[in-house]
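Let me begin by presenting the structure, written as structure tokens, before commenting on it.
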2 protein chains.
Amino acid sequence: MVSKVNEYENGLHHFENACRQNGLSITPQRIAIFKELASSSEHPSAAVIFRKIREYYDNISLDTVNRTLLTFHEIGLAKVVESSGDPKRFDPNLALHHHFRCVKCGKIVDFENAAYDALEIPRAIQKKFVIREKRVHLEGFCDTCRSPDG
Amino acid sequence: MVSKVNEYENGLHHFENACRQNGLSITPQRIAIFKELASSSEHPSAAVIFRKIREYYDNISLDTVNRTLLTFHEIGLAKVVESSGDPKRFDPNLALHHHFRCVKCGKIVDFENAAYDALEIPRAIQKKFVIREKRVHLEGFCDTCRSPDG
DNA sequence: AATTATATTGGACTAAATCCTATGTGTCAA
DNA sequence: TTGACACATAGGATTTAGTCCAATATAATT
Ligand SMILES: [Mn+2]
Ligand SMILES: [Mn+2]
Ligand SMILES: [Zn+2]
Ligand SMILES: [Zn+2]
């Protein structure tokens, strides 16, 4: 078992390498944003990350958070998750996995499934398009939203 | 083979029945929006539909188009397609099918695939959530965006 | 044709995201 | 270690998407 500390350090090293390889300087803002995203499992929006960082970093700007999250996406440090309009949601989990999204509260939940992972891209699609992501997307009501009201 | 006219009439009947069953009156605006959506295969946003209808219907409001598309979704006449932030995209195709989305130009393309259709919802997910939609989501670069620039 | 509940309009408002430019700071080479 | 510079950020302005609201219009029913 890998210790938490090592996981954490590995994450930071990955981040620093990715920045260096892409000619991006390593700023306190980028570090804070990376840490916040990496330690999150709720597929946060830029605004959510912004508010969390603001708790201890009193003048980081929302623009920087937005710009940086998009940069992370470009250099492969983060993914942008499928939503339905509404704010963009970011994902630090780069491994192949799948999503359930609650149409009521917007919660996005990861899950793993070997059969889903094994799906092949249809020939006709492969010929025509360059595929970068393949995910199964489930939608419905989560455990919290399913019962009382709606 | 069903004639175009019949398909069209069936669509309109379906629309009218859905409205009646839900206590919604059949207004010229709703008819125009339904026709425009039903005859589209590009998964249009509200703004796109609004602009098309404006070409011949000179004072329909954007608010009505937005509100109506959401209503259509509620009463099962349309689906809201998975995107990545950015404007909501609507889908008149109620049949089980799957999507490719170009990350550059935003184009969303339908495709059918029996293996994808046959995917089962994992036990653990079924127990916890109420599933309403199941789709495979592919992402990448479309035929137009793949080549020259990047 | 009159009634009434529902729907639409258009402008105001809110929220998300991007743009702009003056200021600040990581990085690298001396 | 310092200095120079290219790159990055802050914060305010702007753009864009979506919603709200109150006055007006109209579909459905009688
Ligand atoms: Mn995820
Ligand atoms: Mn579709
Ligand atoms: Zn929920
Ligand atoms: Zn494209």
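Below, each value reflects all heavy atoms present in this structure, side chains not excepted, and no hydrogens, waters or symmetry copies. We name chains A, B, ... by the order of the sequence lines, and we start the count at 1 in each one.
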Round to the nearest Å and state the distance from A:R51 atom CZ to C:dA15 atom P.
11 Å
Using a 4.0 Å heavy-atom cut-off across all strands, classify B:I33 as base, sugar-phosphate, or nothing.
nothing
Specify the residues of residues 82-92 of chain A, ordered by number, for which at least one heavy atom lies under 4.0 angstrom from an atom of DNA chain D.
none
Can you pull every protein N or O that's under 3.5 Å from an N or O on nucleotides 21-23 of chain D?
from	atom 1	to	atom 2	distance (Å)
D:dC21	N4	B:D63	OD2	3.2

Among A:R101, A:H99, A:R89, which residue meets the side chain to side chain donor-acceptor pair (under 3.5 Å) test with A:H43?
A:H99
What is the distance, rounded to the nearest whole Å, between atom CG of B:N59 and atom C1' of C:dA7?
13 Å
Applying a 4.0 Å non-hydrogen cut-off, can you work out what A:L62 is touching in the nucleic acid: base, sugar-phosphate, or nothing?
nothing
Under 4.0 Å between a side-chain N/O of A:S61 and OP1 or OP2 of D:dT9, yes or no?
no
Provide, to the nearest angstrom, the distance between the CD1 atom belonging to B:I49 and the P atom belonging to D:dA17.
15 Å
Would you check, one step at a time, whether the test ring pair (Phe, Tyr, Trp, His ring centres under 6.0 Å) holds for B:F111 with B:Y116?
CA-CA 10 Å; B:F111 66 92; B:Y116 288 9; 5.8 Å; yes
Which residues within residues 23-31 of chain B lie with some heavy atom under 4.0 Å of an atom in DNA chain D?
B:S25, B:I26, B:P28
When A:K35 is tested against each of A:I33, A:L37, A:I31 for side chain to side chain contact (heavy atoms under 4.5 Å, CB included), which residue passes?
A:I31
